[in-house]
Protein chains: 2
Amino acid sequence: MILRNISVDCVIFGFHNEKLHVLLWQAEPELLENFLTTKKELEEIKILFEKNPALGNSQEFWGLIGTHLPTEEDLDGYAKKILQITTGIEDIYLKQVRTFGALDRVPHYRVLTVAYYALINPNYHDLKLSPLAKAVKWFEIDNLPEVIFDAKEVIEHSLKKLRDEVKYHPVGFHLLPKKFTLTQLQTLYEVILDEKLDTRNFRKKILNMGLLVDTNEKQKNVAHRAAKLYSFDVEIYNKLKEEGLNFRI
Amino acid sequence: MILRNISVDCVIFGFHNEKLHVLLWQAEPELLENFLTTKKELEEIKILFEKNPALGNSQEFWGLIGTHLPTEEDLDGYAKKILQITTGIEDIYLKQVRTFGALDRVPHYRVLTVAYYALINPNYHDLKLSPLAKAVKWFEIDNLPEVIFDAKEVIEHSLKKLRDEVKYHPVGFHLLPKKFTLTQLQTLYEVILDEKLDTRNFRKKILNMGLLVDTNEKQKNVAHRAAKLYSFDVEIYNKLKEEGLNFRI
DNA sequence: CCAAAAGTGTTAGTCATACACCCATGC
DNA sequence: GCATGGGTGTATGACTAACACTTTTGG
């Protein structure tokens, strides 16, 4: 059985072409089948779609990826499941943003949405493998299409949360490939925080924290001096944090 | 109608006797009547209580103040309403913590709890006026009674959120009277953050930020040098923030 | 005059900011 | 050899941390 009054939606952020993107879809009941376990649940979803013209009308509108919470699913676990099925990735950084519960945020019926944000790197995860590939698309964060319901507000809240988080916790790394250059990292922060950073100071700060691992590798086939590749190690971060490291950008 | 699968619970923090406290209650359906608008809702609540032995058994267990969300109530608005009815105060600082949705967090039926935390100053708000006064009690944060369901976890999450927040935003003032001394403010921070702060440095830092208003008043009838009384002005804070002030403790 | 808490300044070290040029690579 | 982005050091000012005594008040 699904809980008609509760939906779980994921704001999936991706970083490519030096831009922050959000993954949206045009949902149809048949796609939601992927997230559900019983036929009964699918029937229930179909009824909701029929009752709500705005949902059926999704040729024009894009929406956040998610659906109603089944009774037998753990809340955090279900958000993770939605992401796994959508992206094919097992270990995704995922964080609850907040629950939206204004009266009339969705016409015709009452639903609270528990929003999560997730961070992935689109260059390194081929979404073509996803069963939802045809319905799903990346949009630049400052060039979003028309979205359904209050999805815009949810995305904005999530972005704000990401911005707050990225300054004090090393979460930005989840948007980069395993091995990355300091310039990529800097660009990422510039894009998320929407401000220019001083290269020399940025490098000093990051390297002084001592949580990047020098992979002893360099970029290849670039038409300029090849940059060193670093990786981020959560274990090292946890150790340093215990010793009193304060991560700050 | 009430939404059986969604409850709204408030972790109400108060600061007195140099300790941080939480307001808990022993809920009974009759008390919940105060939060509800129709008789039908009360009947629905009563049925839930009957179905769930742990709820009826609340002579032994204390719980968070809150109840199921009625269909016609806005989520944030309902949290505010719960607080107003409980405390009689109109303007309470209130913040959504997160939504708890583990599978067996409440036995016998599935319910998600949207948790909020609130900050009030018990010395300056007489809860005896509340219709719930007899069921409600302050507990020291590190001397809590046995609590129902996962209330402990919810309280701990809320405290963590408060700690994170208090460092970077001037929310601590909501726990103090309108006019307070710098020593009170320092004690408050020491209690919330659970660490000693250097008095001289603390005063310098706070006063340099320039967001406290000198009321030109002093304590009266104290058996020692009377301290100056300050107040906090949100308007001033907002102005300073626009000018780039970074609030940090 | 005593007890109790309020109030105050200086120094040393650390951290943030501002800023401009040479280096390595592919084509 | 040139275009492109990678990589580096220093000086200045700002902030943080550590630390001990005098002042005011009521009883």
Side-chain angles (χ1 to χ4, degrees), chain A residues 15-19 123 166-168 176-177 179-191 193 195-231 240 243-249, chain B residues 15-19 123 167-168 176-177 179-191 193 195-231 240-241 243-249:
Chain A
F15 178 68
H16 59 150
N17 288 340
E18 312 204 337
K19 292 260 171 76
N123 287 336
V166 96
K167 280 188 201 171
Y168 305 114
L176 293 175
K179 296 171 184 177
F180 52 85
T181 70
L182 290 179
T183 305
Q184 283 178 303
L185 187 63
Q186 187 181 339
T187 309
L188 173 67
Y189 276 104
E190 288 178 342
V191 166
L193 300 175
E195 59 179 294
K196 279 278 160 208
L197 302 172
D198 180 279
T199 303
R200 277 180 282 195
N201 294 335
F202 179 81
R203 284 162 175 258
K204 247 180 296 176
K205 193 188 263 181
I206 293 286
L207 291 176
N208 279 341
M209 284 196 267
L211 47 74
L212 291 195
V213 180
D214 185 344
T215 64
N216 292 314
E217 290 178 56
K218 290 190 170 188
Q219 287 180 311
K220 280 174 188 156
N221 305 315
V222 286
H224 52 77
R225 175 170 176 179
K228 290 179 83 163
L229 291 168
Y230 292 88
S231 68
L240 289 172
E243 293 166 12
L245 172 76
N246 255 359
F247 185 90
R248 286 274 159 87
I249 295 296
Chain B
F15 178 68
H16 59 151
N17 289 341
E18 313 204 336
K19 293 257 170 77
N123 287 336
K167 279 188 201 172
Y168 304 114
L176 293 175
K179 297 171 185 176
F180 51 84
T181 70
L182 290 179
T183 305
Q184 284 178 303
L185 188 63
Q186 185 181 339
T187 309
L188 173 67
Y189 277 103
E190 289 178 342
V191 166
L193 300 176
E195 60 179 294
K196 279 279 160 206
L197 301 173
D198 180 280
T199 304
R200 278 180 283 193
N201 293 335
F202 179 80
R203 284 163 174 257
K204 249 180 296 176
K205 193 189 261 180
I206 293 286
L207 292 176
N208 279 342
M209 284 196 267
L211 47 73
L212 291 195
V213 180
D214 185 344
T215 64
N216 291 313
E217 291 177 55
K218 290 190 169 187
Q219 287 181 312
K220 280 176 187 154
N221 304 313
V222 286
H224 54 79
R225 177 170 176 178
K228 289 177 85 165
L229 292 167
Y230 292 87
S231 68
L240 289 172
K241 202 167 74 170
E243 292 166 12
L245 170 78
N246 254 1
F247 184 90
R248 287 273 159 86
I249 296 296

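Note that these values count all heavy atoms, side chains included, but never hydrogens, waters or copies made by symmetry.
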Practice task
Classify the angle between the aromatic ring planes of A:Y168 and B:Y168 as parallel (below 30°), tilted (30 to 60°) or perpendicular (above 60°).
Solution key: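 Because their plane-to-plane angle is under 30°, the rings of A:Y168 and B:Y168 count as parallel.
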Problem - Flag for B:K205-B:N208: side-chain donor and acceptor within less than 3.5 Å - result: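 The criterion, which ignores hydrogens and geometry beyond distance, is not satisfied for B:K205 and B:N208.
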Taking [atom1] from [X] and [atom2] from [N], how many angstroms apart are they, rounded to a whole number?
{"X": "B:K196", "N": "D:dA17", "atom1": "NZ", "atom2": "P", "answer": "17 Å"}
{"X": "A:Y230", "N": "D:dG7", "atom1": "OH", "atom2": "P", "answer": "7 Å"}
{"X": "B:N208", "N": "C:dT8", "atom1": "CG", "atom2": "P", "answer": "12 Å"}
{"X": "A:K205", "N": "D:dT8", "atom1": "NZ", "atom2": "P", "answer": "18 Å"}
{"X": "A:I206", "N": "D:dT8", "atom1": "CD1", "atom2": "P", "answer": "15 Å"}
{"X": "B:Q219", "N": "C:dA4", "atom1": "CD", "atom2": "P", "answer": "16 Å"}
{"X": "B:L185", "N": "C:dA6", "atom1": "CG", "atom2": "P", "answer": "12 Å"}
{"X": "B:L229", "N": "D:dT24", "atom1": "CG", "atom2": "P", "answer": "17 Å"}

Handout entry: A:A226 or B:R203, whichever maps to the more 5' nucleotide of DNA chain C
Key =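 It is B:R203 whose nearest nucleotide is closer to the 5' end.
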Problem - Flag if over 12 foreign heavy atoms under 6.0 Å of CD, B:E243 - result: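 Check passes, neighbour count above 12.
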Handout entry: Counterpart residues, salt bridge (charged side-chain N to carboxylate O under 4.0 Å, His left out), relative to B:K19 (two or more places apart)
Key =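 Salt bridge (charged side-chain N to carboxylate O under 4.0 Å, His left out) list for B:K19, sorted by chain: B:E140.
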Exercise for the section: Just compare C:dC19, C:dT25, D:dT25 and give me whichever is closest to any side-chain atom of B:H224. Expected result: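 Among C:dC19, C:dT25, D:dT25, the one nearest the side chain of B:H224 is D:dT25.
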Exercise for the section: Check whether any side-chain heavy atom of A:L240 sits under 4.5 Å from a side-chain heavy atom of A:M209, and report yes or no. Expected result: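 No, their side chains stay 4.5 Å or more apart.
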Might you point out which heavy atoms bring [X] and [Y] nearest each other, and give the distance in Å?
{"X": "A:D214", "Y": "A:Y230", "value": "CA-CD2, 3.9 Å"}
{"X": "B:L182", "Y": "B:F202", "value": "O-CE2, 3.9 Å"}
{"X": "A:T181", "Y": "A:A227", "value": "CG2-CB, 3.7 Å"}
{"X": "A:Q184", "Y": "A:F15", "value": "O-CE2, 4.4 Å"}

Under 3.5 Å between N/O atoms: give me all the protein pairs with nucleotides 10-12 of chain C, atom names plus distance.
unit_1: C:dT10; atom_1: O4; unit_2: B:K204; atom_2: NZ; d: 3.0

Distances under 3.5 Å only, N/O to N/O: pair up the protein atoms with those of nucleotides 20-22 of chain C.
unit_1: C:dA20; atom_1: N1; unit_2: A:R200; atom_2: NH1; d: 3.3

Exercise for the section: Would you please confirm or rule out a distance under 4.0 Å between OP1 or OP2 of D:dG6 and any side-chain N or O of A:T183? Expected result: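 Yes, because at least one side-chain N or O of A:T183 sits under 4.0 Å from OP1 or OP2 of D:dG6.
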Practice task
Using a heavy-atom cut-off of under 4.0 Å over every strand shown, decide if A:D198 touches base, sugar-phosphate, or nothing.
Solution key: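 Here A:D198 touches the bases of the nucleic acid.
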